[in-house]
Participant: 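Below is one structure. I have some questions about it.
In what follows, residues are counted from 1 in the order of the sequence shown.
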Amino acid sequence: MATQTASTAGSGSGKPKEKKSQEDIYAEFQQLRNQQRNLVNNLSTIEMDFKEHKTVIDTLKTVESSRKCFRLIGGVLVEQTVEVVLPQLELNKGQLEKLIDEGKEQITKKGLEINQFKEENNIKMRGQEPTQSAASEKEDASEEKPTTNRNVLVGNL
């Protein structure tokens, strides 16, 4: 009998699934939400940089290519010409576009991860309507057997 237990335990995911306390679940959920907020903040910063690059590029396209301009590089103001700066800015703008796309992808993945975590741990947000699947499960359960246990919220009159 001991050999059966060892063989079945070895075929699992490696460690037994432990029941998490509510505090652990809450802490992990908050950590996931904080990660998502950080991703959103980083994305908004990158989007602001992108808009600034776009504005500068549009402005520089209207002036002579031999005109001198100044560019801030690592805290140092450098004098260059428009013909030198413009291609560099356009390259940076393209890289910022890629970062924005990647950031949106990461935010979407993190949102899916949060939703999956909420479903796995039966987390309900205050003021949030139950999800469609949860509502249909309740309907299915009520059709199968008559309701004998009803929850009623009573307020002070």
Participant: Hydrophobic cluster membership, with links at side-chain heavy-atom distances under 4.5 Å among I/L/V/M/F/W/Y: are Phe117 and Tyr26 in one?
Facilitator: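 Not linked; separate clusters.
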Participant: Got Glu52 and Asp49 here, is their nearest side-chain heavy-atom distance under 4.5 Å?
Facilitator: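 Yes, close enough: below the 4.5 Å cut-off.
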Participant: Determine, using the 4.5 Å side-chain heavy-atom cutoff (strictly less than), whether Leu43 and Phe50 are members of one ILVMFWY cluster.
Facilitator: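 Same hydrophobic cluster.
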Participant: If Ile, Leu, Val, Met, Phe, Trp and Tyr residues are connected whenever their side-chain heavy atoms lie under 4.5 Å apart, and connections chain through other members, are Leu39 and Leu32 in the same group?
Facilitator: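 No: no chain of side-chain contacts under 4.5 Å links Leu39 to Leu32.
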Participant: Kindly indicate whether the side chain of Val85, heavy atoms from C-beta on, has any atom under 4.5 Å from the side chain of Phe70.
Facilitator: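 No, their side chains stay 4.5 Å or more apart.
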Participant: May I ask you to check whether over 12 heavy atoms, not counting those of Glu64, lie within 6.0 Å of atom CD?
Facilitator: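 Atom CD in Glu64 is not packed in, count stays at 12 or less.
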Participant: Measuring from Thr62:OG1 to Asp58:CG, what's the distance to the nearest 0.5 Å?
Facilitator: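 With rounding to 0.5 Å, OG1 (Thr62) is 8.5 Å from CG (Asp58).
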Participant: Where is the tightest heavy-atom contact between Leu89 and Arg71, given as atom of each residue plus distance?
Facilitator: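 The pair with the smallest heavy-atom distance is CD2-NE, 4.3 Å.
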Participant: Do Val40 and Leu96 belong together in a cluster built from hydrophobic side chains that touch within less than 4.5 Å?
Facilitator: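 Per the 4.5 Å side-chain linkage, Val40 and Leu96 are co-clustered.
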Participant: What are the two closest non-hydrogen atoms of Leu77 and Leu72, and how far apart are they?
Facilitator: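 Answer, listing the atom of Leu77 first, then Leu72: N-CD1, 3.9 Å.
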Participant: Nearest 0.5 Å please: distance from the CD1 atom of Ile46 over to the NZ atom of Lys98.
Facilitator: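 Answer for the CD1-NZ pair, Ile46 versus Lys98, is 14.0 Å.
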Participant: On a heavy-atom basis, which atom in Thr81 and which in Ser65 lie closest, and how many Å separate them?
Facilitator: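 Minimum heavy-atom contact is CB-O, 3.9 Å.
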Participant: For Asn122 and Lys124, work out which heavy atoms get closest and say how close.
Facilitator: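 Where Asn122 meets Lys124 most closely, the heavy atoms are OD1-NZ, 2.7 Å.
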Participant: About how many Å separate CD of Glu113 and CD of Glu120, when rounded to the nearest 0.5 Å?
Facilitator: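 Between Glu120 CD and Glu113 CD, I get 9.5 Å after rounding to 0.5 Å.
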Participant: Kindly compute the distance separating CD (Gln31) from CG (Asn34), expressed to the nearest 0.5 Å.
Facilitator: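 So the gap between those two atoms works out to 8.0 Å.
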Participant: Are the side chains of Lys104 and Glu47 in contact, using a 4.5 Å heavy-atom criterion?
Facilitator: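 Counting from C-beta outward, Glu47 and Lys104 do come under 4.5 Å.
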Participant: Is a salt bridge present between Lys93 and Glu90, judged by a nitrogen-to-oxygen distance below 4.0 Å?
Facilitator: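 Salt bridge flag = no for Glu90 with Lys93.
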Participant: Might you point out which heavy atoms bring Ile25 and Ile123 nearest each other, and give the distance in Å?
Facilitator: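 In this case the closest contact between Ile25 and Ile123 is CG2-CD1, 3.9 Å.
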Participant: When rounded to the nearest 0.5 angstrom, what distance separates CZ in Arg37 from CG in Asn42?
Facilitator: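 The CG atom of Asn42 is 14.0 Å from CZ of Arg37, to the nearest 0.5 Å.
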Participant: How far apart are the closest heavy atoms of Val82 and Cys69, and which atoms are they?
Facilitator: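 Minimum heavy-atom contact is N-SG, 3.9 Å.
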Participant: Let me confirm one number: the NZ-CG distance from Lys110 to Asn38, rounded to the nearest 0.5 Å.
Facilitator: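 So the NZ of Lys110 and the CG of Asn38 are separated by 10.0 Å.
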Participant: Going by heavy atoms in the side chains, are Asn121 and Phe29 under 4.5 Å from each other?
Facilitator: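 When only atoms from C-beta onward are counted, Phe29 and Asn121 do not touch, as no gap falls below 4.5 Å.
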